[in-house]
Amino acid sequence: MRRIVTVLIVVIGVLVAIDFAAAAFAEHTVSQKAKDQLGVENDPEVGIHGFPFLTQAVAGEYGRITVEAKSVPVQDVLRDVDVKAELRDVDAPLSDLAQGNVDNVTIGEVDGEVTLKASDINQISPLDNIDDLRIAASSEAYVRGGEGASAQSHGTDEGDDPANTGGDAESEGEDDDDSSAGIRLSGKVKVAGEELEIFAFAMIRLDGSTVQITPHRLQFGNDRETTIVPQAVQEQLLPSFEADINTGDLPFTVTPTGVSVGPDSITVKGTAKNVAFAQAQTSR
């Protein structure tokens, strides 16, 4: 009896190893095809979820596959874009995958997103005139009205926000419109020959595949006695923080529907249904 149990354990172990090896081969195949279509130097990370893999492979049906690529070039300006796609209800014939062919792979539903980093955004005119551009989320109330308006809107003390971001609009439940968000842009600019740290509070809005940044007001940084920027200086500097950023096409022909702000980043996301894996490429 003990021998039988031992044999069963060995057999199960071998089957599991074969299953993982087959999954690894399929992930590598998808990764290489995604690499070619996205135009990246490094292999994208691919995860085929669900166990066992072989039952999915034989049926040619996969519940969930994730694809993540780093440093994707977009529009000859953005050079370090992160692309992520979650594929669901994927139909991929085993014979095609075995031959490295993804032309017939179809996807029931895709959630796609691209993340733009502050270092890339800092290369776009006129934001390229700002030294050491940094990005943080802000609430719309704080963008439009400053500390008093934000505190009154959310019942907080003005001194509770030493970073001068105005809080996270999503966590405050401020707005259900995913096509816009509050943002704080900060960096150093020259005013009358003096280099000053400036906080620009703006709204970003999604227009197709373009992220529009519209600044509403400015504050001096924490290195000065007052945060109040004179009106004449505001009028001079506000255009330096206004920009349109073309994010390119999302992978798998995903239609952009939402935009959000993260630490030193802006993310555009959307969904698509009934698409082909051959449509993975972004516009470059």
Side-chain angles (χ1 to χ4, degrees), residues 38-42 44-45 66-86 110-140 142-143 161 163-172 174-175 177-188 197-216 221 240-251 254-271 282-284:
L38 294 173
V40 294
E41 295 182 1
N42 300 321
E45 296 181 8
T66 54
V67 180
E68 296 186 49
K70 307 289 186 182
S71 302
V72 179
V74 175
Q75 301 292 335
D76 296 326
V77 178
L78 305 172
R79 311 303 302 175
D80 194 20
V81 175
D82 290 347
V83 176
K84 181 178 180 180
E86 182 167 305
V110 180
D111 288 333
E113 63 181 49
V114 296
T115 297
L116 318 178
K117 300 174 185 176
S119 56
D120 249 1
I121 295 172
N122 207 174
Q123 307 304 313
I124 297 173
S125 178
L127 301 175
D128 54 354
N129 294 318
I130 302 168
D131 290 337
D132 190 23
L133 180 70
R134 298 180 303 280
I135 291 173
S138 184
S139 66
E140 182 173 354
Y142 198 84
V143 166
D161 187 24
N164 287 322
T165 63
D168 186 345
E170 183 177 349
S171 64
E172 292 169 356
E174 178 183 270
D175 196 346
D177 182 9
D178 291 337
S179 65
S180 66
I183 186 173
R184 189 200 71 181
L185 305 161
S186 62
K188 294 182 179 180
E197 183 184 31
I198 296 291
F199 293 162
F201 293 90
M203 292 300 297
I204 58 173
R205 185 169 297 279
L206 190 61
D207 182 13
S209 62
T210 299
V211 175
Q212 300 174 332
I213 302 178
T214 305
H216 286 265
S240 298
F241 292 89
E242 184 173 2
D244 290 345
I245 306 172
N246 187 346
T247 65
D249 296 332
L250 291 180
V254 166
T255 300
T257 56
V259 62
S260 61
V261 180
D264 284 324
S265 65
I266 295 174
T267 297
V268 177
K269 59 189 70 177
T271 60
T282 59
S283 60
R284 301 191 294 275

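- For Asp264, there are no salt bridge (Lys or Arg N to Asp or Glu O under 4.0 Å) partners two or more places apart in sequence or in a different chain.
- Contact between Ala202 and Pro215 at its shortest, heavy atoms only, is CB-CA, 3.4 Å.
- Remark: Thr66 engages His49 in a side-chain hydrogen bond (donor to acceptor under 3.5 Å, both in side chains) (not counting sequence neighbours).
- One distance of note links OG1 of Thr210 with CG of Asn246; it measures 4.5 Å at 0.5 Å rounding.
- The salt bridge (Lys or Arg N to Asp or Glu O under 4.0 Å) test applied to Glu86 returns Arg64, Arg88, not counting sequence neighbours.
- Counting only heavy atoms from C-beta outward, the side chains of Leu185 and Ile135 approach each other to under 4.5 Å.
- Ile204 contributes atom CD1, which lies 11.0 Å from atom CD of Gln212 (distance to the nearest 0.5 angstrom).
- In this structure, CD1 on Ile121 lies 7.0 Å from CG on Leu133, to the nearest 0.5 angstrom.
- By the 4.5 Å heavy-atom criterion applied to side chains, Asn129 and Ser240 are not counted as neighbours.
- Taking CD1 of Ile183 as the start and CD1 of Ile213 as the end, the distance is 5.5 Å to the nearest 0.5 Å.
- The salt bridge (Lys or Arg N to Asp or Glu O under 4.0 Å) test applied to Asp244 returns no partner, not counting sequence neighbours.
- Of the possible polar contacts, none joining the Asp178 side chain to the Thr257 backbone as a donor-acceptor pair under 3.5 Å is found.
- Looking at every heavy atom in both residues, Leu127 comes nearest to Phe241 through CD2-CA, 3.7 Å.
- Closest approach of Met203 and Gly182 over heavy atoms only: SD-CA, 3.8 Å.
- By the 4.5 Å heavy-atom criterion applied to side chains, Val211 and Leu206 are counted as neighbours.
- Taken to the nearest 0.5 Å, the CG atom of Leu78 stands 7.5 Å off from the CD1 atom of Ile245.
- Under the salt bridge (charged side-chain N to carboxylate O under 4.0 Å, His left out) criterion, the residue pairs touching residues 118-135 are Asp132-Arg134, Arg134-Glu197, with sequence neighbours excluded.
- Taking every heavy atom of both residues into account, Val254 and Gly270 meet most closely at CG1-C, 3.0 Å.
- Take Lys117 and apply the salt bridge (Lys or Arg N to Asp or Glu O under 4.0 Å) test, not counting sequence neighbours, and it matches Asp80, Asp82.
- With Thr115 as the fixed residue, the side chain to side chain contact (heavy atoms under 4.5 Å, CB included) test singles out one of Val81, Val268, Thr267: Thr267.
- The CD atom of Glu45 sits 6.5 Å away from the NZ atom of Lys70 when rounded to the nearest 0.5 Å.
- Counting only heavy atoms from C-beta outward, the side chains of Arg205 and Ser179 approach each other to under 4.5 Å.
- The shortest non-hydrogen separation linking Val143 to Ser138 is CG2-OG, 3.8 Å.
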